[in-house]
Amino acid sequence: MAAQLAARIVSGELPAHTPLPSERDLAAEYGVSLGTARHATRILRYRGLLVTVRSKGTYVAKRRT
């Protein structure tokens, strides 16, 4: 799931500052458990592809050049 989301971000399908659906919605979309969706977003945050703003949501991070 993390690889698929990363590919969507890198390809531009999910541009910078785009809000990501909730982890629960992502889990349903990809047919995985909530824990797997949380792990995937954690990996992408660590890689700098996502940023989470408390009480606001998770967004695609601005690309580093």
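- Hydrophobic clustering places M1 together with L20 (ILVMFWY residues linked when any side-chain heavy atoms are closer than 4.5 Å, directly or through intermediates).
- Atom-to-atom distance recorded for T18:OG1 and R8:CZ is 10.0 Å, nearest 0.5 angstrom.
- Listed here is the closest heavy atom pair of A6 and L49: CB-CD1, 3.8 Å.
- No side-chain heavy atom of L34 sits less than 4.5 Å from a side-chain heavy atom of L26.
- Minimum heavy-atom separation, S33 to A27: O-CB, 3.7 Å.
- The two residues A16 and K62 make their nearest non-hydrogen contact at CB-CA, 3.9 Å.
- Rounded to the nearest 0.5 Å, atoms CG (L5) and OH (Y30) are 4.0 Å apart.
- Few gaps surround CZ on R45; more than 12 heavy atoms of other groups in view lie less than 6.0 Å from it.
- Here the closest non-hydrogen pair linking V60 and L14 is CG1-O, 3.6 Å.
- Rounding to the nearest 0.5 angstrom, the gap separating the CD atom in E23 from the NE2 atom in H39 is 12.0 Å.
- Remark: side-chain polar atoms of S11 are paired, donor with acceptor, to backbone N or O of A7 under 3.5 angstrom.
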